[in-house]
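As structure tokens, the structure follows; a few thoughts come after it.
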Amino acid sequence: MKRRLRLLAGAALVTTIGSILVLPAAPAAAVPLTELVANGTFDTTTGPWWNSQNTTAGIVAGRLCADVAGGTANVWDAVVGQSGLALSSGRAYTLSFDASASTAMTIRARVQVEGTSHPASLDHGVQVNGDLRRISLPFTAAATSNAGQVVLQLGGRPQAVTVCLDNVSLQETELIGNGAFDGDTSTWWRSAGRQLALDSQRLRVDVAAGTTQPWDDMVGQSGVRLRAGQSYRLTFDASASAGRTIQAVVQRENAPHAAPLSRPVALGADVRQVSYTFTSPFSVTDGQLLFQFGGSGAYTAWLDNVSLVELPGAPFDPMRYWNDVLLETYAEETGTAAGPTVLGRAGAMVLGAMYDAATSVVPTGQPYLTRVSVPADSIAASPEAAINKAAHAALVAAFPGRNFDADLSAATAQLPNGVSQAQLDRSSYIGAQAAAAMVQARSNDGAANDAPYQLDNVPGAWRPTDSRPALAPNWGLVTPFTMTSGSQFRPAPPLGATSYAHLLAKPAYGVQVNEVKDYGARNSTVRTAEQTQIAHFWANDLDGTYKPPGQLLEHTAILAEQRGLPLMEKVRLFGLVGLALGDAGIVARDGKFLTAIDLWRPETAIRLADQDGVAETVKDEHWQPLSKDHAGNSFSPPFPAYASGHATFAGAWAGIMRRYFGTDDMTFTLTTVDPYATGVTRSFTGFGAAAEENAISRIYLGVHFRFDAEAGLASGDGLAQHVFANHLRP
């Protein structure tokens with residue numbers, strides 16, 4: 001690495017590192033981001049928020065909830081707002097808030113100046129419903145005023161409605177000062193004691209001949225604040241008197257002077273509008289924005305409308321992208337490769353590797369397997385690019401024979417346009433190393449153990465219900481991702497029984513057989529239409545669906561987007577869910593195959609009820625479960641009933657989600673791809689409620705008993721508690 005010291009005019013000591021020049025002192029820096037609204041979290045009171053006529057506002061579960069009267073004619077007939085906010089013309093801001101409504105409706109979010117005409121800088125309609133949704137609205141202030149207002153207009157509906165708000169934030173997202181060069185050059189400096197000049201409210205830079213390096217003549221601004229994992233956009237207008245290339249740089253001022261953005265910009269006589277997006281891998285308050293003009297013959301350059309803003313959302317979401325690729329792969333898998341255990345393992349590998357890659361670039365939180373070390377120099381890796389490579393490499397390992405090169409190429413094309421080739425190369429190395437650690441850890445984990453299953457051949461014991469043999473009977477012996485062993489969260493025996501005969505003699509056994517016989521039959525006369533919908537909504541057992549683990553990963557994506565999670569929070573949430581689902585498959589198979597009771601399916605129990613010695617059960621050799629394949633043929637999954645794998649997965653998912661968000665009091669709407677529930681969505685008021693419905697759906701589908709569901713939920717939640725407490729800690 002090239003390193004030089006040079007004494008410049010004015011006795012200022014500077015350090016040149018690669019192509020980046022660092023000045024230890026500079027004019028006053030831009031003001032860091034500050035929160036402009038007060039009490040946006042509504043912890044104990046609604047003040048200083050006000051509400052208009054036609055509304056009654058109060059605190060409900062830590063949120064401001066406004067009851068809006070019916071019969072209002074206009075959206076502004078019912079308003080919640082806050083006044084006295086300071087806004088500056090031309091500056092960038094973001095208004096963010098959580099919102100839900102008792103019925104689907106449109107609310108209007110405005111940032112305006114108080115007064116008769118109410119000139120608005122932001123006026124945006126937002127769709128809300130029963131789900132608490134995170135909303136972020138960037139805008140530029142149209143006027144300077146100390147009488148700014150945030151106004152949420154809730155009227156214009158014939159029916160009454162309740163709207164709840166939380167976490168309201170109004171922040172100035174502009175990170176530099178005086179980027180429009182209106183009248184002066186304050187906050188800007190130029191290297192080597194050269195002077196700054198204005199030309200028609202543009203910054204004029206007269207570059208002398210004789211400079212040998214780009215950093216020999218620079219204009220910059222210091223004190224830029226960056227946050228790890230946050231996305232940014234640099235925009236500016238530029239032109240030059242002759243064809244020249246300058247360098248735009250956003251860097252850390254102090255060692256190791258890493259630059260998340262360093263891009264060449266070709267200029268000519270026509271004004272060029274330039275825009276770059278990037279993600280910062282570190283948090284600093286001493287960042288710099290630099291424009292490097294040296295290294296060529298004499299010319300004049302002009303800069304104007306320079307802006308560096310923090311973005312409310314990432315330009316490219318690699319977590320959503322690769323989750324979609326993973327679920328598409330789940331849907332394409334068939335046969336034994338499509339078993340929920342195999343897919344759960346694959347998901348844990350991919351999401352765990354993505355987490356380690358991201359936290360190697362943005363070193364926050366506890367790594368899962370490794371934190372890849374990188375050189376301390378000016379090349380700042382891109383978290384998105386590292387995630388891309390880790391996902392690709394882990395997918396190739398988890399699904400041998402499949403090619404994911406096209407997916408990687410498409411993801412690379414969507415990277416923030418500020419990512420340079422040097423950054424891409426370093427990021428790819430990090431991602432590959434993170435994936436390699438995962439692949440090595442799983443290389444001899446027992447997933448390939450295909451020893452045949454020996455049937456117990458007694459009443460109550462599982463036996464095939466069709467031509468398929470037992471699926472993954474040895475999976476309980478697979479090396480766990482987070483547990484000490486597959487039996488760590490093994491459920492207690494069904495009804496506390498110690499043997500098949502002991503179980504069949506339990507009075508509750510007959511009750512549960514008859515429950516699924518009535519409610520799970522293909523031709524049931526007691527199962528309601530909604531219960532039938534529930535059965536199919538959670539099934540996703542067929543080829544072409546994303547299977548049970550995939551449905552829960554899709555639901556994770558829905559919640560992450562609804563809550564507006566930033567990239568690094570999504571990385572952690574998906575990592576936790578992925579590891580929990582990977583181990584949930586091991587827990588479930590341990591209980592199914594490695595205990596004293598490998599319980600038969602309801603289909604077998606009902607058809608062979610004459611062999612169980614239970615007076616309350618009656619044989620029906622023609623009984624069929626509601627569960628059916630694409631051709632409409634009824635089937636039961638090819639492995640024992642106790643405990644339910646669906647319920648174990650559901651309990652693990654809900655347990656992680658509840659602990660991650662710190663509450664079970666959330667409303668959300670979930671989806672399915674099961675062919676017998678096409679287009680169906682279901683809404684819930686908590687993760688526990690969703691998991692319980694998932695578990696009980698298997699009774700309505702005719703493939704599980706109630707104690708299967710209850711035991712699976714309990715084991716899954718115990719696993720989730722363990723994962724959350726011991727892994728990927730922030």
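When a residue number appears, it is its place in the shown sequence, counting from 1. In this text the structure is predicted, and so the values were computed from the model without any measurement.
The closest donor-acceptor contact from the side chain of Gln551 to the backbone of Phe537 lies under 3.5 Å. At distances below 3.5 Å, not a single donor-acceptor pair connects side-chain atoms of His646 with backbone N or O atoms of Arg698. Here the side chain of Lys389 pairs no donor or acceptor atom with the backbone of Ile387 at under 3.5 angstrom. In terms of modelled atom types and a separation under 3.5 Å, the side chain of Asp674 and the main chain of Ala539 share no donor-acceptor contact. A donor-acceptor pair is defined here as one N or O able to donate and one able to accept, closer than 3.5 Å; such a pair exists between the side chain of Asp356 and the backbone of Leu369. For the pair Arg263 (side chain) and Asn417 (backbone), a donor-acceptor distance under 3.5 Å is present. Looking only at distances, no side-chain donor or acceptor of Asp166 sits under 3.5 Å from a matching main-chain atom of Asp98.
In terms of the salt bridge (charged side-chain N to carboxylate O under 4.0 Å, His left out) criterion, Glu569 has no residue partners (sequence neighbours excluded).
Taking a 6.0 Å sphere around CG of Asn444, one finds it holds 12 or fewer heavy atoms contributed by other residues, nucleotides or ligands. The number of heavy atoms from other shown groups lying within 6.0 Å of CD (Glu332) is above 12. More than 12 heavy atoms of other residues, nucleotides or ligands shown are found within 6.0 angstrom of CZ on Arg133.
Ring-plane geometry between Phe404 and Phe399 is classed as tilted, the angle between the planes lying from 30 to 60 degrees on a 0 to 90 degree scale. Ring geometry for Phe684 versus Phe668: interplanar angle of 30 to 60°, hence tilted.
Sorted by first then second residue, the salt bridge (charged side-chain N to carboxylate O under 4.0 Å, His left out) pairs that include residues 573-594, not counting sequence neighbours, are Arg490-Asp590.
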